[in-house]
Amino acid sequence: MGCFLPSVAGGHNGGGLGICDDGLVIDLGSIKYTRVDPAARTATVGGGCTWGDAIMQLMRSAWPLPAELFSTTGVGGLTLVEELDI
């Protein structure tokens with residue numbers, strides 16, 4: 001027996017994907033941070049950030065980011081649903 005586990009990440013969601021019946025919704029909204037490590041050439045983004053949050057911090061670090069077209073899309077929900085080819 002499985003359990004449906006949708007996530008809500010603080011951004012928009014399409015088609016009610018952030019809700020469920022007989023499941024557990026994981027709210028990532030309070031996990032908001034973007035940390036950039038230039039030496040390692042990595043960025044760590046909290047699941048509650050929107051792409052707009054991440055893009056603003058990465059722009060301050062002069063890093064380009066191939067990203068979602070909408071700044072209001074939640075990072076956590078998008079990365080849990082889609083594969084990102086960065």
Side-chain angles (χ1 to χ4, degrees):
M1 178 181 197
C3 180
F4 185 54
L5 296 170
S7 65
V8 178
H12 70 273
N13 80 62
L17 296 175
I19 59 172
C20 68
D21 292 328
D22 300 323
L24 177 66
V25 176
I26 300 170
D27 185 353
L28 304 173
S30 63
I31 307 172
K32 288 189 172 194
Y33 61 85
T34 302
R35 297 184 186 116
V36 177
D37 183 346
R41 297 185 46 83
T42 61
T44 305
V45 181
C49 286
T50 63
W51 276 114
D53 298 330
I55 289 167
M56 290 304 293
Q57 183 63 38
L58 291 168
M59 285 174 51
R60 288 185 194 110
S61 301
W63 278 26
L65 176 70
E68 176 74 19
L69 293 176
F70 300 101
S71 64
T72 57
T73 300
V75 172
L78 183 66
T79 56
L80 290 172
V81 173
E82 298 181 22
E83 290 183 29
L84 294 178
D85 186 19
I86 297 177

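Remember, it's a predicted structure, so these values are computed and weren't measured experimentally.
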Inset, instruction - Please report the shortest heavy-atom distance between Lys32 and Gly48, naming the atom on each side. - result: CE-O, 3.2 Å
Sequence neighbours excluded and cut-off under 3.5 Å, please list the side-chain donor-acceptor pairs for residues 34-43, or say none.
residue, atom, partner, partner atom, Å
Asp37, OD1, Ala39, N, 3.2
Asp37, OD1, Ala40, N, 3.2

Legend entry - Tyr33 side chain near Thr44 side chain, heavy-atom distance below 4.5 Å: yes
Inset, instruction - Taking all heavy atoms of Val45 and all of Ala54, pick out the closest pair and write down the distance. - result: CG1-CB, 4.1 Å
